[in-house]
Amino acid sequence: MSVSEVNPLQVMLQPVLQFLQPWITPVTQVIAALALLYCLLLTARVFKYPRSDAEHEESRKKSLRSLRNGVISSLLVIALTLALRWGLLTLGDWIGL
């Protein structure tokens, strides 16, 4: 094999992808588990304030907003992690790993 036949992209990315590919599945699972735990904790915080209690109505509304924002941000983080996972696997297939 001559120097002109070597794919420079494969030479540069092969060590990086070989390092990252074994880690991407466990990292995705840990991120998903942490996001689920965060949403469960926010849900528990919402149920701490009863609906009938006018004294804590503002705190309940804040908790509901926090829960909504937590669910949306958790879904976005999981989607980004899955997109990164898909991108790394696709890139590995594309350069021939």
Side-chain angles (χ1 to χ4, degrees):
M1 181 182 286
S2 69
V3 174
S4 63
E5 294 177 11
V6 175
N7 183 357
L9 187 61
Q10 184 177 10
V11 171
M12 288 187 310
L13 291 178
Q14 188 172 10
V16 174
L17 289 176
Q18 285 178 346
F19 175 75
L20 290 178
Q21 281 183 346
W23 287 93
I24 194 70
T25 300
V27 167
T28 304
Q29 292 170 350
V30 167
I31 288 175
L34 289 175
L36 178 65
L37 181 64
Y38 180 63
C39 289
L40 288 174
L41 290 174
L42 287 175
T43 304
R45 198 169 112 191
V46 168
F47 286 117
K48 186 170 89 171
Y49 303 110
R51 284 187 186 182
S52 60
D53 193 1
E55 181 179 313
H56 296 292
E57 188 171 340
E58 186 64 33
S59 298
R60 183 175 172 80
K61 286 182 182 179
K62 285 182 183 180
S63 298
L64 284 171
R65 266 187 259 127
S66 295
L67 177 61
R68 183 194 65 209
N69 293 338
V71 168
I72 291 170
S73 62
S74 296
L75 289 175
L76 288 175
V77 166
I78 290 171
L80 287 173
T81 306
L82 291 174
L84 178 66
R85 178 181 176 181
W86 174 80
L88 285 175
L89 294 175
T90 304
L91 184 61
D93 291 341
W94 183 58
I95 66 169
L97 289 179

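Counting begins at 1 with the first residue of the sequence. Predicted model, so just to flag it, every value in this text is computed and none were measured.
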Can you tell me how far apart CE (M12) and CG (L17) are? Round to the nearest 0.5 Å.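 Between M12 CE and L17 CG, I get 11.0 Å after rounding to 0.5 Å.
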
Here the gap from Y38 atom OH to L34 atom CG, rounded to the nearest 0.5 Å, amounts to 12.0 Å

Smallest separation among heavy atoms of Y49 and H56, with atom names: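 Smallest heavy-atom distance, with atoms named: CD2-CB, 3.6 Å.
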
Least distance between heavy atoms, T43 atom then C39 atom: OG1-O, 2.8 Å

Identify whether W94 and F19 are in the same connected component of the hydrophobic contact network (ILVMFWY, side-chain heavy atoms under 4.5 Å).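 In one cluster: yes.
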
Treating Ile, Leu, Val, Met, Phe, Trp and Tyr as nodes and any side-chain heavy-atom pair under 4.5 angstrom as an edge, say whether V71 and L64 lie in one connected cluster.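 The answer is yes; both residues are in one hydrophobic cluster.
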
Quiz: residues 73-89 side-chain donor-acceptor pairs under 3.5 angstrom, not counting sequence neighbours:
residue : atom : partner : partner atom : Å
S73     : OG   : N69     : O            : 2.9
S73     : OG   : G70     : O            : 3.1
S74     : OG   : G70     : O            : 2.7
T81     : OG1  : V77     : O            : 2.7
W86     : NE1  : T90     : OG1          : 3.4

Counting C-beta onward and ignoring hydrogens, is there a side-chain heavy-atom pair between S66 and R45 closer than 4.5 Å?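 In contact.
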
Considering residues at least two apart in sequence or located in another chain, which fulfil the salt bridge (Lys or Arg N to Asp or Glu O under 4.0 Å) criterion with E58?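 So E58 forms a salt bridge (Lys or Arg N to Asp or Glu O under 4.0 Å) with R65.
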
Let me have the donor-acceptor pairs involving side chains of residues 25-32, under 3.5 Å, with sequence neighbours excluded, atom names and distances please.
residue : atom : partner : partner atom : Å
T28     : OG1  : I24     : O            : 2.7

